[in-house]
Amino acid sequence: MNAANSSKWLSLSAADRYMGLRSGTVAKAANAGELPAVRIGKRTRRVCVNDLDVWMRSKTVKPRFQSFNEPGTGLSQAKR
């Protein structure tokens, strides 16, 4: 985690743009309790950039199969 982002807070729509997600994705995660959000007033919510980064990393899917071009798989070299 970047120390410069340790106290940076974004609105839910700004967080969507920051992460390159469709509008409303961060709000859905906050509503479901997957992502902590702080309410400011009646309607405004903010998320911490660090929490957002951790949440996004937890959503990253590892490839199911190795690539044919991946070194060390033995699949990148044609057999003769």
Could you grab the distance from atom [atom1] of [X] to atom [atom2] of [Y], nearest 0.5 Å is fine?
| X | Y | atom1 | atom2 | answer |
| --- | --- | --- | --- | --- |
| R43 | L12 | CZ | CG | 12.0 Å |
| R57 | L52 | CZ | CG | 10.0 Å |
| D53 | Y18 | CG | OH | 4.5 Å |

How close do W55 and A29 get, counting heavy atoms only, and between which atoms?
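Heavy atoms only, the tightest pair is CZ2-CB, 3.4 Å.
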What heavy-atom pair brings V47 and A15 nearest, and what distance separates the two atoms?
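Smallest heavy-atom distance, with atoms named: CG2-CB, 3.7 Å.
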State which residues pass salt bridge (charged side-chain N to carboxylate O under 4.0 Å, His left out) with K59; sequence neighbours excluded, sorted by chain then number.
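Listed in chain order: E34.
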Do [X] and [Y] make a side-chain contact, defined as non-hydrogen atoms from C-beta onward lying under 4.5 Å apart?
| X | Y | result |
| --- | --- | --- |
| R45 | V26 | no |
| T25 | M19 | no |
| S11 | R46 | yes |

Can you pull the salt bridge (Lys or Arg N to Asp or Glu O under 4.0 Å) pairs that have at least one residue in residues 11-26, sequence neighbours excluded?
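Residue pairs passing salt bridge (Lys or Arg N to Asp or Glu O under 4.0 Å), neighbours aside: none found.
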